[in-house]
> 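Got a structure for you, questions after.
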Amino acid sequence: MKTAVVFAFLACLAVSALSLTEDEKKARPPATVSPAIEFSLQTTMPANTTTTTTKPTTTTPKPTTTTTKPTTTTLKPTTPPQPTPPTNLTVGNYTLMADKTVVCVMALMALQIRLATPKANGTFIVQPKSTHTGGGCQATKANLTIEFKEGFITFMFNKSIEKNTVYVDALSFTLNYPLDKKVANGPPYTASNKSMNLFAAKIGHAYSCKSESLYMGNGLYLDVNQDQMQAFNLTKSNKFGTYDLCAADKPDYRVAIAVGVTLLVLIIIVVVAYLLGRRKRADGYQSL
């Protein structure tokens, strides 16, 4: 009887245990399958994959200091603005009329004013297109003045009937142009020279010279190039007469004469030597 009771109790315990197991299975959530992408992300990385760790760089800006130097402006005396003269000499035609039909003075020349001192150098070239010719004519006197924006140049001609010569006995100029740009107080430059005997030619003749430099004092020069000029007694067609060349353009025959004399002496020496040699040979033979 007791044995039957024990078996019945054990059977009840077994039934209750099975029911609890079924209830626990029902209470658990069902298992889920992960997608392929999620699975691939959970896989282990290959052994040859390298990882690079970038260290953050820090830049410390350096303070920059700017020192501004005070600027000082020195006011220098300025001259009126002047154009820069061209570098090429140009021949101009300067004509002075005694009346509406008679030419008193005619000159073809290129002019420049030059400053040449140990401390300063400069050149101003007169441009014929920017000039105006003025002056006046008398019986034996003529004043040819070439005016331009920066100044003027004056030639005073004198006609000497006694000497049969026309020449320039006074020459002057004024130039308001900075020949030396380093010197602010340079211009105006003035020069005058009287009691001269320049550009001399016979009455009715024209003076001609390729290049001539006239010293005017204080380091100033007047350069006259390709010069052809005549005052008084021009031809009826207002053309130049016979040209009287300046000393520099006249042919120098001294060299030719010296060469000719030298050659003549050499010829004489050769002839004398030949005759002496021939005489000695003749004396060496005896007549048979």
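Each residue takes its place number in the sequence, starting with 1.
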> Of all residues at least two apart in sequence or in a different chain, which pass the side chain to side chain donor-acceptor pair (under 3.5 Å) check with Lys210?
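Listed in chain order: nothing, the list is empty.
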> Would a distance-only check, ignoring hydrogens and angles, find a side-chain to backbone donor-acceptor pair under 3.5 Å from Glu147 to Glu150?
no
> Do Tyr215 and Ile113 land in one hydrophobic cluster if side-chain heavy atoms of ILVMFWY residues count as linked below 4.5 Å?
no
> So which pairs with a foot in residues 131-141 pass side chain to side chain donor-acceptor pair (under 3.5 Å), sequence neighbours left out?
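Residue pairs with at least one partner in residues 131-141: Lys141-Asn158.
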> Can you pull the salt bridge (Lys or Arg N to Asp or Glu O under 4.0 Å) pairs that have at least one residue in residues 223-242, sequence neighbours excluded?
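Qualifying pairs, neighbours excluded: Arg114-Asp223.
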> State plainly whether one hydrophobic cluster holds both Phe148 and Tyr189, where clusters connect Ile, Leu, Val, Met, Phe, Trp and Tyr through side-chain heavy atoms under 4.5 angstrom apart.
yes
> Which atom names give the shortest non-hydrogen contact between Phe240 and Ala206, and what distance separates them?
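Between these two residues, the closest heavy atoms are CD2-CB, 3.7 Å.
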> Return the minimal non-hydrogen interatomic distance between Ala110 and Leu89, and the atom names on each side.
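Taking every non-hydrogen atom into account, CB-CB, 4.1 Å.
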> Check the hydrophobic clustering (I, L, V, M, F, W, Y; side-chain heavy atoms under 4.5 Å; chains of links allowed) and say if Met97 and Leu234 are grouped together.
yes
> For side-chain contact (heavy atoms from CB on, under 4.5 Å), just list the numbers for Val168 and Leu144, CA-CA rounded to whole Å, side-chain angles, deciding distance to a tenth of an Å, and then say yes or no.
CA-CA 10 Å; Val168 173; Leu144 174 64; over 6 Å; no
> Only pairs at least two apart or in different chains count here, so list each salt bridge (Lys or Arg N to Asp or Glu O under 4.0 Å) that has a residue in residues 194-209.
none
> Output all residues satisfying side chain to side chain donor-acceptor pair (under 3.5 Å) with Gln228, sequence neighbours left out; order by chain, then residue number.
Tyr243
> How are the rings of Phe199 and Tyr207 set to each other: parallel, tilted or perpendicular (split at 30° and 60°)?
perpendicular
> Set out, in order, the CA-CA distance, both residues' side-chain angles and the distance that settles side-chain contact (heavy atoms from CB on, under 4.5 Å) for Asn121 and Thr117, then state yes or no.
CA-CA 6 Å; Asn121 291 278; Thr117 64; 5.7 Å; no
> Show the numbers, then the answer: is there a side-chain contact (heavy atoms from CB on, under 4.5 Å) between Asp169 and Asn197?
CA-CA 5 Å; Asp169 59 357; Asn197 191 2; over 6 Å; no
> Quick one: does Leu179's side chain get under 4.5 Å of Thr123's, heavy atoms only?
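Leu179 does not reach Thr123 side chain to side chain.
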> For a quick test of reading the model, state the closest non-hydrogen atom pair linking Ala142 to Val105 and the distance between them.
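Shortest heavy-atom contact: CB-CG2, 3.8 Å.
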> Applying ring-ring contact (aromatic ring centres under 6.0 Å, His included), name anything that partners Phe155, two or more places apart in sequence or on another chain.
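Not a single residue meets the ring-ring contact (aromatic ring centres under 6.0 Å, His included) criterion with Phe155.
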> In sequence, state the C-alpha distance, the side-chain angles, and the governing distance for Met109 and Tyr94, and then conclude on side-chain contact (heavy atoms from CB on, under 4.5 Å).
CA-CA 8 Å; Met109 53 187 172; Tyr94 307 103; 4.1 Å; yes
> Taking only residues two or more places apart in sequence or in another chain, which ones pass side chain to side chain donor-acceptor pair (under 3.5 Å) with Asn143?
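Listed in chain order: Thr145.
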> When you group the ILVMFWY residues by side-chain heavy-atom contacts below 4.5 Å and let the links chain together, are Met196 and Val224 in the same group?
yes
> Does any pair with a residue in residues 187-233 pass disulfide (SG to SG under 2.5 Å), and if so which ones, sequence neighbours excluded?
Cys209-Cys246
> Considering only residues two or more places apart or on different chains, which pairs with a residue in residues 92-175 satisfy disulfide (SG to SG under 2.5 Å)?
Cys104-Cys137
> Can you name the residues that form a side chain to side chain donor-acceptor pair (under 3.5 Å) with Asn218, not counting sequence neighbours?
none
> Is there a path of hydrophobic side-chain contacts, each under 4.5 Å between heavy atoms of I, L, V, M, F, W or Y residues, that connects Met106 with Val166?
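In one cluster: no.
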> Please list, chain by chain and in numerical order, all residues satisfying ring-ring contact (aromatic ring centres under 6.0 Å, His included) with Phe173, sequence neighbours excluded.
none
> Test your reading of the model: is there a side-chain donor-acceptor pair from Gln226 to the backbone of Leu108, 3.5 Å cut-off?
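A pair under 3.5 Å: no.
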> Grab the two heavy atoms, one from Leu171 and one from Leu214, that are nearest each other, plus how far apart they are.
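For Leu171 and Leu214, the tightest heavy-atom pair comes out as CD2-CD1, 3.6 Å.
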> Could you note down all residue pairs passing salt bridge (Lys or Arg N to Asp or Glu O under 4.0 Å) where residues 155-168 supplies at least one of them, sequence neighbours left out?
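Qualifying pairs, neighbours excluded: none.
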> If you define the side chain from C-beta out and look only at heavy atoms, does anything of Leu111 sit under 4.5 Å from Ile146?
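When only atoms from C-beta onward are counted, Ile146 and Leu111 do touch, with a gap below 4.5 Å.
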> Of the non-hydrogen atoms in Ala191 and Leu220, which two are nearest, and what is the gap between them?
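Smallest heavy-atom distance, with atoms named: CB-CD1, 4.3 Å.
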> Identify the heavy atoms of Asn233 and Ile203 that sit nearest to each other, and give their distance.
OD1-CG2, 3.3 Å
> Side-chain contact test, heavy atoms from C-beta onward, threshold under 4.5 Å: evaluate it for Thr154 versus Phe152 and give yes or no.
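Thr154 vs Phe152: side chains touch.
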> Does one side chain, of Asn176 or Thr174, offer a donor that lies under 3.5 Å from an acceptor on the other?
no
